[in-house]
Engineer: 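Please see the structure below; I have some questions.
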Amino acid sequence: MRDFSYLRADSVEAARNAAALPGAMLLAGGTTLVDLAKCGVAEPATVIDISHIAGLDAIDVGPDRAVIGALAKMSHVADHPQVKSHFPAVSEALWQAASAQLRNMATIGGNLMQRTRCPYFRDPQNFPACNKRAPGSGCSAIGGVTRGHAVLGTSEACIATYPGDLAIALVAFEAEVDLGERKLKVEDFFLAPGATAEQEHDIRPGEVITAIEIPGSAAARRSTYLKVRDRQSYEFAAASAAVGLELEGDGRTIRDIRVALGGVATKPWRARAVEEALKGKPLDEATVRKASELAMAGAVDHGANHYKIALAPRVIARAILELGETA
Amino acid sequence: MTSQTHAGQTIIDPPEDGHFRNGSTNQPSPTTLSLHLTINGETHALDVEPRVTLLDALRERLHLTGTKKGCDQGQCGACTVHVDGERVLACLTLAAQVEGRSITTIEGLADEDGTLHAVQAAFLEQDAFQCGYCTPGQIMSAVACIREGHAGSDEEIREYMAGNLCRCGAYPHIVAAVRQAARELRS
């Protein structure tokens, strides 16, 4: 790991100013930054430690909305009783991510800045070509081993999968990220690679995530996160779905439904076509399975990841149907 | 963290107004940090480069080698320690980051008279290891797992201990040890 200078910010304003320094990177939990510095992917000139800023870890949850401070730990949010009752999919996405130790370190703001786990991106010594690391250098994954790579939102520049879980639930429930001067939808905060794979987030030098806000809704209260993976625990998603459901008074007609996908796309992926196809329809297996197929419109595989196109609609359908069976 | 002078340049904590760009403070360069770390109740002073992890500081500088280096990439859990009572990975924690926090390693778990912690005793009784390399991390993780209230069933123990890998495959005995210690600590 290349050495860097270290500064500790004791306020958000200090962090903003320091973040504008050339080559500066913010350190919160460190689970991404320190890891990528060891891989030789991140080479910060200055590390700005924001983990000591007081008060930025507050968790304030009610039925109408949740405001979660950027430095709140994943584990604390996952175990928060009101997050569990008002936003169960958020809690489930968090506790199914990483390990208990990593969840005690990683923060909510840092989680949104998590980088892809594409093995080519993480290995600059053996694979110099990576448009995410070195714009214009090419993509080593295309034509390589692609079992974990994305089938939605890809481009000729990049097919790296967005690896996170939390943001899938945030996109489903239309959460916003607070950057101080501006707020934007989490869905818009993440950028598909297009021709600029190196740009993963709509964040500018000197901006610091201070909080995320999630609006409450009936669908958020009746929600779940289903994560299917190669091993049962401590693994990234092969395909995952955050789903929220609100039924009409008859108990079977869908009034509102939210569907977002993880493990299959280059960014947290809202499946609006599935939602639109199901609103006003009865909650029965045939209808749900047919609608779930719509999530894969436009999917492009690269060989070994072909299975995701068949897997993801089944994950969506199972999540919706299991949610329908809960009271 | 104290101020350090390096090649004529002063490295300082962020000024109170936070204005790095305007005037007094130049872009800092890598230099040595003088840290005070509280480990197992004792304060240790050490000078480290900013990039030094807590794991390397513990093992190479303070000779607390009970905390193990397995993957050094946050994947195996062998380096698990407690910071302010919560389990974390020392390999992905910068030493500079935990100044002012209370750190507990496997060396700090037993009583001063040598009486083992209930989890240590349970690991011995259940033969919850073979080669022993992952064991300090397993034990630190298990202590926290029980304290968090995530040791209510074998299924829950397996889920919440998933961040600690054992290449010898002693998992069934590890689960038995955590189950036993959780029962003892509850009563």
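Just so we're clear, the structure is a prediction, and the values are computed from it rather than from any experiment. Order of the sequence lines sets the chain letters (A, B, ...), proteins ahead of strands, with each chain counted from 1.
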Engineer: Could you tell me which of G100(B), G77(B), G74(B) has the largest number of non-hydrogen atom pairs under 4.5 Å with chain A?
Structural biologist: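 Max contact count across the listed options: G74(B).
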Engineer: Any donor and acceptor pair, going by atom type alone, linking the side chain of R8(A) with main-chain N or O of A96(B) inside 3.5 Å?
Structural biologist: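 Confirmed, R8(A) side chain pairs with A96(B) backbone.
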Engineer: Shorter than 4.5 Å, heavy atoms on both sides: which option in N164(B), T80(B), V88(B) has the most such pairs with chain A?
Structural biologist: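 Top count of heavy-atom pairs under 4.5 Å with chain A: V88(B).
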Engineer: Which region of T93(B), side chain (C-beta onward) or backbone (N, CA, C, O), has a non-hydrogen atom less than 4.5 Å from a non-hydrogen atom of chain A, or is it both or neither?
Structural biologist: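 Interface part for T93(B): both.
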Engineer: Do you know which two heavy atoms are closest between V34(A) and C91(B), and how far apart they sit?
Structural biologist: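 Here V34(A) and C91(B) meet closest at CG1-O, 4.0 Å.
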Engineer: For each of A37(A), S99(A), S51(A), tally heavy-atom pairs with chain B at distances under 4.5 Å, and name the one with the top tally.
Structural biologist: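 Ranked by heavy-atom pairs under 4.5 Å with chain B, first place is S51(A).
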Engineer: Shortest non-hydrogen contact from L94(B) to L27(A)?
Structural biologist: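 Distance-wise, the nearest heavy atoms are CD1-CD2, 3.7 Å.
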Engineer: Just to be sure I understand the criterion: a residue of residues 142-154 of chain B counts if one of its heavy atoms is under 4.5 Å from a heavy atom of chain A. Which ones qualify?
Structural biologist: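 Expected list: E148(B), H150(B).
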Engineer: Determine whether a donor-acceptor pair (N or O, by modelled atom type, separation under 3.5 Å) exists between the side chain of K38(A) and the backbone of Q73(B).
Structural biologist: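 Judged by distance alone, no pair lies under 3.5 Å.
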Engineer: Does CZ belonging to R229(A) count more than 12 external heavy atoms closer than 6.0 Å?
Structural biologist: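 Correct, the count exceeds 12.
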Engineer: Looking only at heavy atoms, which two atoms of A100(A) and Y160(B) are closest? And how far apart?
Structural biologist: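 Smallest heavy-atom distance, with atoms named: CB-O, 3.9 Å.
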Engineer: Is the shortest side-chain heavy-atom distance between E159(B) and W95(A) below 4.5 Å?
Structural biologist: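 The answer is yes; the side chains approach within 4.5 Å.
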Engineer: Tell me, side chain or backbone of R2(A) under 4.5 Å from chain B's heavy atoms, or both, or neither?
Structural biologist: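 When you check distances to chain B, only backbone atoms of R2(A) fall under 4.5 Å.
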Engineer: Kindly give the heavy-atom pair with the smallest separation between S233(A) and A162(B), and that separation in Å.
Structural biologist: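 For S233(A) and A162(B), the tightest heavy-atom pair comes out as OG-CB, 3.1 Å.
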Engineer: Donor-acceptor pair, distance only, cut-off 3.5 Å: does the side chain of Q97(B) make one with the backbone of A28(A)?
Structural biologist: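 Between the backbone of A28(A) and the side chain of Q97(B) there is a qualifying donor-acceptor contact (under 3.5 Å).
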Engineer: Return the CG to OG1 distance between L92(B) and T32(A), rounded to the nearest 0.5 Å.
Structural biologist: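 The CG atom of L92(B) sits 9.0 Å away from the OG1 atom of T32(A).
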Engineer: Mark yes or no for whether R87(B), through its side chain, and Q101(A), through its backbone, hold a donor-acceptor pair below 3.5 Å.
Structural biologist: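 No.
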Engineer: With a 4.5 angstrom heavy-atom cut-off, is it the side chain or the backbone of D35(A) that approaches chain B, or both, or neither?
Structural biologist: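 Both backbone and side chain.
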Engineer: Looking just at side-chain N and O atoms, do E86(B) and H76(A) make a donor-acceptor pair shorter than 3.5 Å?
Structural biologist: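 Yes, a side-chain donor-acceptor pair sits under 3.5 Å.
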Engineer: Looking only at non-hydrogen atoms, find the nearest pair between Y6(A) and P50(B) and report the distance.
Structural biologist: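 Answer, listing the atom of Y6(A) first, then P50(B): CB-CB, 3.7 Å.
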Engineer: If you check every heavy atom in residues 172-187 of chain B against those of chain A, which residues fall under 4.5 Å?
Structural biologist: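 Within residues 172-187 of chain B, no residue comes under 4.5 Å of chain A, counting heavy atoms only.
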